[in-house]
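Remember, predicted model here, so these are calculated numbers, not experimental data. Chain naming here is simple, since letters A, B, ... match the order of the sequence lines and numbering starts at 1 in each.
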Protein chains: 2
Amino acid sequence: MPVTIKDVARAAGVSPATVSRTLATPELVHADTRRRVQQAVDALGYKPNRAARGLITGRTGNLGLIVPDLTNPFFPGVVKGVQTRARESDYAVFLADTDEDPSAEADVVRNLSKQVDGIILCSPRMSEEELRSLTGETPIVMLNRRVGRMPSVTVNSADGIRQAVAHLTALGHRRIAYVPGPKLSWSNRERVRALRQHTAAAGVELVEVGNVAPQFAGGVAAADQVLATGVTAVLGYNDLVALGMLSRFAARGVAVPERISVMGFDDIVLSEMVNPSLTTLAQPKEQTGRAGVDLLLQLLADPERAFSRRELESHLMVRNSTGPAPTP
Amino acid sequence: MPVTIKDVARAAGVSPATVSRTLATPELVHADTRRRVQQAVDALGYKPNRAARGLITGRTGNLGLIVPDLTNPFFPGVVKGVQTRARESDYAVFLADTDEDPSAEADVVRNLSKQVDGIILCSPRMSEEELRSLTGETPIVMLNRRVGRMPSVTVNSADGIRQAVAHLTALGHRRIAYVPGPKLSWSNRERVRALRQHTAAAGVELVEVGNVAPQFAGGVAAADQVLATGVTAVLGYNDLVALGMLSRFAARGVAVPERISVMGFDDIVLSEMVNPSLTTLAQPKEQTGRAGVDLLLQLLADPERAFSRRELESHLMVRNSTGPAPTP
DNA sequence: TTGAAAGCGGTACCAT
DNA sequence: ATGGTACCGCTTTCAA
């Protein structure tokens, strides 16, 4: 028996309409009435039922967030950013973790679409057509991926990679390896593209080893291959992969960074907790989440501007897995 | 212009009521009609609006999950467990991260209460009275905390700690330190209690150092104090604290585990990625989340059973930050 | 077996 | 400035 608008109306001796106005457009109601209503609201602890409101206004005050795998340390930061920003604008957040299953993602979008004003979707692998078909269901903002004219938040990996390549060449490296993540991942493709471009420009040789799972185990598996190529520096698709290599190198007694320099992407918290700590390209995770919400709210306020993008910058976090170990 | 029940009704040449029945209680509608309706549903891609349904049934099909800090690596696992289990029962999940702010937690509960059938609350520090006052708003299941007769999912830390103490004493340790987390945290209090009991029983001296933040930095800060006590083994409140100590020990050239053994709680992914890898008491994170949903659904199905608990087991993950280093 | 109609908790339009 | 009323999308009596 939660308290409804009628209860408040009765308590304040006004009509439900007046209560509604007091809450939505206080300036349209007489100060005295407003006060009485407000008192009743407080006394009864009335909170409007958002679902009921949404039914008529078409606005739910909710938004959806879909991520492929929350246990990948990259995502909690993004989720947190979304969450925080959403709460600032009084939005609640539906979260779905799809276990890296692109088909689940589409389902989730469809299931959620009626209950949210829009969805923030982090789906690096779903096919473009499917993605586009979802756009009809509800407004969608893509995270870390650009497809067609869909609104998106991405990071400028080209510039980050320029920084990384510059860093490594400055240290004297002339042959560097890249351990790619999932073939279909948009981020991975971007990174490969940028790496080819910037290594070529710098006159440095790029050795691409085989794709691995974007996880610690993937890095462990790739480490020996990397060593066999004889490079003096290696970039992993993400920090987990890089940490896996670090671990395997340690097990084999390969000195980092003396024998080989190691870099990752993301700057997940772990990267500074290991020893040697991992040099990495920091992605603005919470900011990405916040920007996603910003974009979505913008879109809702002004649906004309259906096409709008936000590109964030990443920056190099130099730690001691590259170059000479710092003297303490 | 999403497709509504009326659209389907029109397309199938029946009344909205019949469409509703076809979906909810198919056995009450003639096979032929049922087929026609089903075709229309499929053709139009109709999905009932859950909010509208909830308005009348009183069931939203949503549940809320509140965690203090998603960037603490303990929680993503829990969230994932909740998420997965919820989806199996066709529930959607509202997630709120309260940034370790107990007052925000109460707000969130109140805001969400109308939109969910129940809430899974992970709030180690909120006061008991406040907690109890929230119970009136919506069904609540507590995670990792027991308060009064509220339904809860906890892990049996006493038994885990028994395992840990047995392990350390078996290795010959006679004085061990504990670095506690937040004073008010339920888990921390439980751990202290169990530690006192089991060390006493084993005739081992327990040295309790000052409370620290449940984070990497907290461990770094505590490490020197720990060393000063002259113990040969130390348990951190959680893995982050333990990792912080590991890091500081490495910096000071203190050999782990030769000079001092280190243990943590939680078994977050990092704990096996560092070197030496961290011995830890594994908490069943996803299982905790799943059990939370189970409990909540049980409660909803049978509100009489308002008091019901689930206690999970933790188990020791022995890795090489305790005892003699394994020979490779 | 099916349909008409009422109503869930709100909002918004139209009167007054 | 306020109230009456229709309606949002759906479910659920109640009759037919």
Side-chain angles (χ1 to χ4, degrees), chain A residues 1-38 40-41 44-62 90 110-117 137-138, chain B residues 1-38 40-41 44-62 90 110-117 137-138:
Chain A
M1 59 185 75
V3 25
T4 78
I5 200 171
K6 287 183 191 169
D7 301 325
V8 178
R10 201 173 313 123
V14 298
S15 78
T18 301
V19 177
S20 179
R21 276 189 214 102
T22 311
L23 268 34
T25 49
E27 64 278 13
L28 294 187
V29 35
H30 192 89
D32 292 347
T33 322
R34 201 191 308 158
R35 204 168 311 112
R36 286 215 320 284
V37 171
Q38 196 55 56
V41 166
L44 301 180
Y46 170 68
K47 294 253 181 196
N49 181 326
R50 280 167 167 244
R53 170 189 295 170
L55 214 46
I56 183 156
T57 60
R59 289 295 187 105
T60 62
N62 300 146
D90 207 29
R110 278 186 249 274
N111 281 326
L112 243 39
S113 61
K114 293 282 208 335
Q115 293 197 86
V116 299
D117 296 337
E137 307 273 334
T138 188
Chain B
M1 57 188 79
V3 23
T4 77
I5 201 171
K6 285 184 190 167
D7 300 323
V8 178
R10 203 174 310 123
V14 298
S15 78
T18 301
V19 176
S20 179
R21 280 188 211 103
T22 309
L23 267 35
T25 49
E27 65 278 11
L28 293 186
V29 33
H30 191 88
D32 291 348
T33 322
R34 199 192 307 158
R35 204 169 311 114
R36 286 214 320 281
V37 172
Q38 195 55 58
V41 166
L44 301 181
Y46 169 68
K47 294 255 181 195
N49 180 325
R50 280 167 167 244
R53 171 187 295 170
L55 212 48
I56 181 158
T57 61
R59 288 293 186 107
T60 62
N62 299 146
D90 208 28
R110 280 186 245 275
N111 280 327
L112 243 38
S113 61
K114 291 284 209 331
Q115 292 197 86
V116 299
D117 296 336
E137 306 273 334
T138 189

Visitor: Expressed in angstrom and rounded to an integer, what is the separation of A/Arg21 atom CZ from C/dT11 atom P?
Guide: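 So the two atoms are 11 Å apart, to the nearest Å.
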Visitor: Which of the following nucleotides, D/dG9, D/dT11, C/dT2, is nearest to the side chain of B/Ser20?
Guide: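 The closest nucleotide is D/dT11.
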Visitor: Between A/Pro2 and B/Val29, which has a closest nucleotide on DNA chain C that is more 5'?
Guide: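 By nearest-heavy-atom nucleotide position, the 5'-most residue is B/Val29.
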Visitor: Under 4.5 Å between any side-chain heavy atoms of B/Val8 and B/Val3, yes or no?
Guide: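 Contact flag for B/Val8/B/Val3 side chains = yes.
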Visitor: Testing A/Val29, A/Val14, A/Thr18 one by one against A/Arg34 for a side-chain contact (heavy atoms from CB on, under 4.5 Å), which residue passes?
Guide: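 Of A/Val29, A/Val14, A/Thr18, side-chain contact (heavy atoms from CB on, under 4.5 Å) with A/Arg34 is met by A/Val29 alone.
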Visitor: Output the rounded distance in Å from CG (A/Leu44) to P (C/dG9).
Guide: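 In whole Å, C/dG9 P and A/Leu44 CG are 14 Å from each other.
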Visitor: Enter the distance from A/Thr4:OG1 to A/Arg10:CZ here, rounded to the nearest 0.5 Å.
Guide: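 Answer for the OG1-CZ pair, A/Thr4 versus A/Arg10, is 7.0 Å.
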Visitor: Between B/Asp117 and B/Thr60, which heavy-atom pair has the shortest distance, and what is it?
Guide: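 The answer is OD1-N, 2.7 Å.
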Visitor: Heavy-atom contacts under 4.0 Å between residues 45-56 of chain B and DNA chain C, which residues?
Guide: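 Under 4.0 Å from DNA chain C: B/Leu55, B/Ile56.
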Visitor: Return whichever of B/Thr18 or A/Val3 has its heavy-atom-nearest nucleotide of DNA chain C closer to the 5' end.
Guide: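 Nearer the 5' end of the strand: B/Thr18.
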Visitor: Between B/Leu23 (CG) and D/dG9 (C1'), how many Å, whole number?
Guide: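 To the nearest whole Å, that distance equals 13 Å.
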Visitor: Take atom CD1 of A/Ile5 and atom C1' of C/dA12, then tell me their distance rounded to the nearest Å.
Guide: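 Value for this atom pair: 12 Å.
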Visitor: Have a look at A/Val14 and say if it touches a base, only the backbone sugar-phosphate, or nothing, with a 4.0 Å heavy-atom cut-off.
Guide: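 Counting heavy atoms under 4.0 Å across all strands, the contact made by A/Val14 is with sugar-phosphate only.
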Visitor: Give the rounded distance in Å between these two atoms: CZ of B/Arg59 and P of D/dG9.
Guide: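 Nearest whole value for this atom pair: 24 Å.
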Visitor: 5'-most contact on DNA chain D: B/Thr57 or A/Leu28, nearest heavy atom basis?
Guide: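 Result of the comparison: A/Leu28.
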Visitor: Would you give the length of the straight line joining atom NZ of B/Lys114 to atom OG1 of B/Thr138, rounded to the nearest 0.5 angstrom?
Guide: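 Between atom NZ of B/Lys114 and atom OG1 of B/Thr138 there are 10.0 Å.
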Visitor: Could you point out which residue of B/Pro48, B/Ser15, B/Pro16 forms a side-chain contact (heavy atoms from CB on, under 4.5 Å) with B/Ile5?
Guide: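 Result: among B/Pro48, B/Ser15, B/Pro16, B/Pro16 is the only option passing the side-chain contact (heavy atoms from CB on, under 4.5 Å) with B/Ile5.
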Visitor: Whole-Å distance between C/dG7 C1' and A/Lys6 NZ?
Guide: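 Distance check: A/Lys6 NZ to C/dG7 C1' gives 8 Å.
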Visitor: Rounded to the nearest 0.5 Å, what separation is found between the CG atom of B/Asn111 and the CD atom of B/Glu137?
Guide: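 Going from the CG atom of B/Asn111 to the CD atom of B/Glu137 covers 10.0 Å.
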Visitor: In whole angstrom, give the distance that lies between atom CD of A/Glu27 and atom C1' of D/dT2.
Guide: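 Roughly 15 Å, once rounded to whole Å.
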Visitor: side-chain contact (heavy atoms from CB on, under 4.5 Å) for A/Arg50 and A/Asn62? Distances and angles first, verdict last.
Guide: CA-CA 9 Å; A/Arg50 280 167 167 244; A/Asn62 300 146; 4.0 Å; yes
Visitor: Pairs counted as Watson-Crick or G-U wobble with both distances under 3.5 Å: what dot-bracket string results for DNA chain C, using | for bases tied to another strand?
Guide: ||||||||||||||||
Visitor: When rounded to the nearest 0.5 angstrom, what distance separates NE2 in A/His30 from CZ in A/Arg36?
Guide: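 Spacing of NE2 (A/His30) from CZ (A/Arg36) equals 9.5 Å.
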